[in-house]
Amino acid sequence: MGAALIFVLAIVIGSALCACAQDAKAPYPSMAPLDQYLMDRNAEIALARSAAPESISRDATIMVLGRRNYEPAVEGNNGFICIVERAWTSPFDSREYWNPKNRSPICYNPPAARSILPITSMRTELVLEGLSKEQIRERAKAAVDRKEIPPVEPGAMCYMMGKGGYLSDNGLTADGAHNMAHLMFFTPPIDPAEWGANMDKSPVVLDPRHKSDPEPNNVFMVLTGTWSDGTPAPLN
C-alpha cells in the first residue's frame with residue numbers, strides 16, 4: 001500500500017470512526033467565535049509562504065484572512081497565490097469543518113489560483129456572513145448550477161509543504177503528527193485509474209472525501225517526503 005494512500009486512509013478511517021458518535025457529541029458542531037480563526041498578520045504571511053519552496057513563494061502573492069474574506073497582504077509577480085486555509089475548505093461532510101485549530105498553508109499555481117481559489121473565497125465569504133454549513137453547501141450547489149464557479153483549468157495544482165501547518169486532529173503519520181507535506185492536483189471528474197491512483201504502491205491518491213461536495217472536481221494527492229525548507233517529512 002502506498003504511503004500517500006495510508007495518509008488519506010488515516011483521515012478517512014478516523015472520520016468514519018468519529019462518525020459513529022451522535023451529532024450531539026461532534027467536536028465542532030458549529031462555528032467558533034471568529035477571533036479563534038484569525039492570526040497575527042505577520043505570522044499568517046510567514047505560514048502562507050511556507051507552503052511552497054522559497055524559490056516559488058518569495059515571488060507569490062500572499063493573502064490573509066480578514067473579517068469579510070481573504071485580503072491581499074503582499075503583492076507578488078509570478079502568478080502563485082499563497083494563503084492559510086481554515087477548516088471550512090474541508091469537505092462538507094467533515095466533522096472538523098468548524099475546527100478552529102486548523103491552519104493549512106497552501107500555495108496555488110496560476111491555473112489553480114484562477115479556478116480553485118475562487119471556491120475557497122466563495123466559501124469563506126459565506127462563512128463570514130454567518131451562514132450555517134448547510135446554507136453554504138446549498139449556495140455552493142446553486143453557484144455550480146448557475147456556472148458561477150469557473151471550471152478547473154488544466155494544470156491546476158497546489159503545494160502544501162508547510163512544516164507549521166495543522167491539517168487535522170487525526171494523527172496523519174505513524175507518530176501521530178497532524179500535518180503532512182504533499183502536493184494536490186485538481187481535475188474534472190475522471191476515472192482515477194487514468195492517474196494510477198489508489199493502486200498498490202502508487203504514490204497517487206484520489207481523496208475520496210470530496211465526492212459529496214457540490215464543486216465538480218477531483219483532488220489527487222502525492223506526498224513529497226520533504227517540507228518546503230528541504231528537511232525530511234514523514235511518508236508514513
Side-chain angles (χ1 to χ4, degrees), residues 28 30-92 94 96-133 135-140 142-144 146 148-153 156-167 179 184 186 213-215 217 219 228:
Y28 311 105
S30 60
M31 185 177 179
L34 177 57
D35 285 345
Q36 293 187 30
Y37 299 94
L38 298 176
M39 293 181 63
D40 171 81
R41 185 179 181 87
N42 290 332
E44 185 160 359
I45 291 171
L47 184 57
R49 282 198 192 281
S50 76
E54 193 264 346
S55 59
I56 296 169
S57 63
R58 69 186 173 206
D59 294 320
T61 293
I62 310 297
M63 303 183 73
V64 299
L65 183 65
R67 293 186 174 274
R68 297 181 183 274
N69 206 329
Y70 284 94
E71 54 195 36
V74 179
E75 183 81 23
N77 59 23
N78 66 358
F80 281 76
I81 299 180
C82 304
I83 68 173
V84 179
E85 289 187 339
R86 302 318 198 262
W88 53 72
T89 61
S90 303
F92 282 103
S94 171
E96 294 189 39
Y97 189 87
W98 296 117
N99 185 349
K101 299 192 294 293
N102 184 293
R103 299 289 186 273
S104 300
I106 182 169
C107 276
Y108 296 97
N109 75 341
R114 293 189 294 265
S115 60
I116 300 298
L117 182 57
I119 297 173
T120 296
S121 179
M122 177 191 66
R123 286 199 189 191
T124 300
E125 183 175 353
L126 296 174
V127 164
L128 298 182
E129 286 178 3
L131 274 64
S132 69
K133 181 167 64 173
Q135 290 171 320
I136 296 167
R137 190 201 297 257
E138 287 303 311
R139 290 281 192 93
V144 170
R146 293 195 297 265
E148 295 173 354
I149 294 177
V152 60
E153 291 190 17
M157 58 83 63
C158 67
Y159 290 80
M160 296 192 72
M161 300 171 62
K163 189 183 294 184
Y166 187 100
L167 308 186
N179 191 14
M184 295 199 300
F186 305 95
D213 286 354
E215 300 94 353
N217 299 321
V219 182
S228 61

Could you check whether any side-chain heavy atom of [X] comes within less than 4.5 Å of a side-chain heavy atom of [Y], counting everything from C-beta outward?
{"X": "S104", "Y": "I106", "value": "no"}
{"X": "I62", "Y": "I83", "value": "no"}
{"X": "L167", "Y": "M160", "value": "yes"}
{"X": "V64", "Y": "V84", "value": "no"}
{"X": "M184", "Y": "M157", "value": "no"}
{"X": "V127", "Y": "M31", "value": "yes"}
{"X": "V219", "Y": "F186", "value": "yes"}
{"X": "M63", "Y": "V74", "value": "no"}

Practice prompt. Taking atom CZ of R114 as the centre, report whether more than 12 heavy atoms of other residues, nucleotides or ligands fall under 6.0 Å from it.
Written response: yes

Discussion item. Is a donor from one side chain sitting under 3.5 angstrom from an acceptor on the other, for Y108 and T120?
Written reply: yes

Do you know which two heavy atoms are closest between [X] and [Y], and how far apart they sit?
{"X": "A73", "Y": "R41", "answer": "CA-NH2, 3.4 Å"}
{"X": "E75", "Y": "T61", "answer": "C-OG1, 4.1 Å"}
{"X": "D40", "Y": "A43", "answer": "OD2-N, 3.0 Å"}
{"X": "R123", "Y": "F92", "answer": "NH2-CE1, 3.2 Å"}
{"X": "I149", "Y": "A140", "answer": "CD1-O, 4.2 Å"}
{"X": "A113", "Y": "G79", "answer": "CB-O, 4.0 Å"}

Is there a donor-acceptor contact under 3.5 Å from the side chain of [X] to the main chain of [Y]?
{"X": "T89", "Y": "E85", "answer": "no"}
{"X": "N179", "Y": "G162", "answer": "yes"}
{"X": "S50", "Y": "L47", "answer": "yes"}
{"X": "D59", "Y": "N78", "answer": "no"}
{"X": "R68", "Y": "G66", "answer": "no"}
{"X": "R86", "Y": "Y37", "answer": "yes"}
{"X": "E44", "Y": "L65", "answer": "yes"}
{"X": "N69", "Y": "T124", "answer": "no"}
{"X": "S57", "Y": "A60", "answer": "no"}
{"X": "S115", "Y": "E153", "answer": "yes"}

Worksheet item: Should the SG of C107 and the SG of C158 be checked, would they turn out to be under 2.5 Å apart?
Response: no

Spatial distance of atom [atom1] ([X]) from atom [atom2] ([Y]) [nearest 0.5 Å]:
{"X": "Y166", "Y": "E96", "atom1": "OH", "atom2": "CD", "value": "7.0 Å"}
{"X": "R49", "Y": "I56", "atom1": "CZ", "atom2": "CD1", "value": "12.5 Å"}
{"X": "E215", "Y": "I116", "atom1": "CD", "atom2": "CD1", "value": "9.0 Å"}
{"X": "C82", "Y": "I45", "atom1": "SG", "atom2": "CD1", "value": "11.5 Å"}

Worksheet item: Mind checking what makes side-chain hydrogen bond (donor to acceptor under 3.5 Å, both in side chains) contact with Y97, not counting sequence neighbours?
Response: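 Expected list: none.
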
Worksheet item: Which residues satisfy the ring-ring contact (aromatic ring centres under 6.0 Å, His included) test with Y70, sequence neighbours excluded?
Response: none

Worksheet item: Can the positive tip of R58 be found less than 6.0 Å from the middle of the six-membered ring of F80, inside 45° of the ring normal?
Response: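 Judged by the rule, R58 and F80 form no cation-pi pair.
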
Discussion item. Side chain to side chain contact (heavy atoms under 4.5 Å, CB included), that's the test. Do R67 and L34 meet it? Break it down for me.
Written reply: CA-CA 8 Å; R67 293 186 174 274; L34 177 57; 3.5 Å; yes

Fill in: From CA spacing to verdict: side-chain hydrogen bond (donor to acceptor under 3.5 Å, both in side chains), K101, Y28
CA-CA 11 Å; K101 299 192 294 293; Y28 311 105; 2.4 Å; yes

